[in-house]
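Excluded from the calculations below are hydrogen atoms, water molecules and symmetry mates; all remaining heavy atoms, backbone and side chain alike, are included. All values derive from a computational prediction rather than experimental measurement. Sequential numbering from 1 along the given sequence is applied to the chain's residues.
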Amino acid sequence: MNIDFFTTDWEAIAPTEHKGETGVAYWRTLQLGDLRIRVVEYSKGYKADHWCQKGHIIYCLEGEMTTELADGSFHFMKKGMSYQVTDDLSSHRSFTDVGAKLFIVDGAFLQKK
């Protein structure tokens with residue numbers, strides 16, 4: 001896919017609300033073919049309501065969160081940290097006590113080969 005140069009005003013993209021097991025996530029989403037780019041804000045006390053199999057590149061812009069893997073391990077992230085994972089390699093879910101703002105990229109390029 002070819003993407004011509006353009007800028008994105010993330011504040012101009014209307015957020016969609018996604019309730020977690022606790023708390024809520026607000027997504028501002030830019031969809032370009034199978035490439036999805038988001039700025040996601042987790043409220044204080046947010047916990048995902050599902051285990052995710054999708055691959056992501058996630059960069060923490062503000063706050064902090066913990067990602068739990070199905071193998072029982074926990075991975076803490078704070079502002080300035082990232083994680084990367086391919087589709088179907090690590091079942092994961094995230095939670096935060098204080099809230100977090102994330103920049104997330106996912107798409108077909110992260111499919112397991």
Minimum heavy-atom separation for [X] and [Y], please, with both atom names.
X: Lys54; Y: Gly107; answer: NZ-N, 4.4 Å
X: Gly23; Y: Ser43; answer: CA-OG, 3.4 Å
X: Ser90; Y: Leu69; answer: CB-CD2, 4.2 Å
X: Ile104; Y: Val40; answer: CD1-CG2, 3.7 Å
X: Ala25; Y: Tyr42; answer: CB-CD2, 3.6 Å
X: Pro15; Y: Tyr26; answer: CB-CB, 4.2 Å

Please confirm whether the backbone N or O of [Y] pairs with a side-chain atom of [X], one donor and one acceptor, at under 3.5 Å?
X: Thr22; Y: Gly45; answer: yes
X: Gln84; Y: Thr86; answer: no
X: Thr8; Y: Trp10; answer: no

Inset, instruction - Give a yes or no on whether Leu61 and Leu30 share a hydrophobic cluster (residues Ile, Leu, Val, Met, Phe, Trp, Tyr; joining criterion: side-chain heavy atoms under 4.5 Å apart). - result: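 Yes, Leu61 and Leu30 fall within the same hydrophobic cluster.
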Inset, instruction - Indicate if Leu32 and Leu110 have the same hydrophobic cluster label, given that clusters are the connected sets of ILVMFWY residues with side-chain heavy-atom separations under 4.5 angstrom. - result: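 Result: yes, single cluster for both.
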Inset, instruction - Decide yes or no on ring-ring contact (aromatic ring centres under 6.0 Å, His included) for His75 and His92, but give the supporting numbers first. - result: CA-CA 10 Å; His75 304 270; His92 54 277; over 10 Å; no
Quick one: pull up [atom1] in [X] and [atom2] in [Y] and give me the separation to the nearest 0.5 Å.
X: Tyr83; Y: Phe76; atom1: OH; atom2: CZ; value: 14.0 Å
X: Ile58; Y: Leu102; atom1: CD1; atom2: CG; value: 6.0 Å
X: Ile13; Y: Ile37; atom1: CD1; atom2: CD1; value: 9.0 Å
X: Tyr59; Y: Ile57; atom1: OH; atom2: CD1; value: 13.5 Å

Inset, instruction - Answer yes or no: is there a side-chain heavy-atom contact under 4.5 Å between Leu35 and Val105? - result: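 Touching, per the 4.5 Å side-chain cut-off.
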Inset, instruction - For Ser94, check side chain to side chain donor-acceptor pair (under 3.5 Å) against everything at least two apart and list the hits. - result: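 Thr67.
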Inset, instruction - Kindly write out the residues that satisfy salt bridge (Lys or Arg N to Asp or Glu O under 4.0 Å) with Glu11, not counting sequence neighbours, or none if the list is empty. - result: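 Counting only residues at least two positions away or on another chain, Glu11 forms a salt bridge (Lys or Arg N to Asp or Glu O under 4.0 Å) with Arg28.
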Legend entry - Any residue meeting ring pair (Phe, Tyr, Trp, His ring centres under 6.0 Å) with His18, in chain and number order, not counting sequence neighbours: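 For His18, the residues satisfying ring pair (Phe, Tyr, Trp, His ring centres under 6.0 Å) (neighbours in sequence not counted) are Trp27.
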Legend entry - Residue pairs involving residues 78-100 (criterion salt bridge (Lys or Arg N to Asp or Glu O under 4.0 Å); sequence neighbours excluded):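 Qualifying pairs: Glu68-Arg93.
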Legend entry - salt bridge (Lys or Arg N to Asp or Glu O under 4.0 Å) contacts touching residues 36-51 (sequence neighbours left out):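 Matches after skipping sequence neighbours: Glu21-Lys47, Arg36-Asp106, Arg38-Asp106.
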Legend entry - Ser91: side chain to side chain contact (heavy atoms under 4.5 Å, CB included) partners, not counting sequence neighbours: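 Trp51, Gln53, Ala70.
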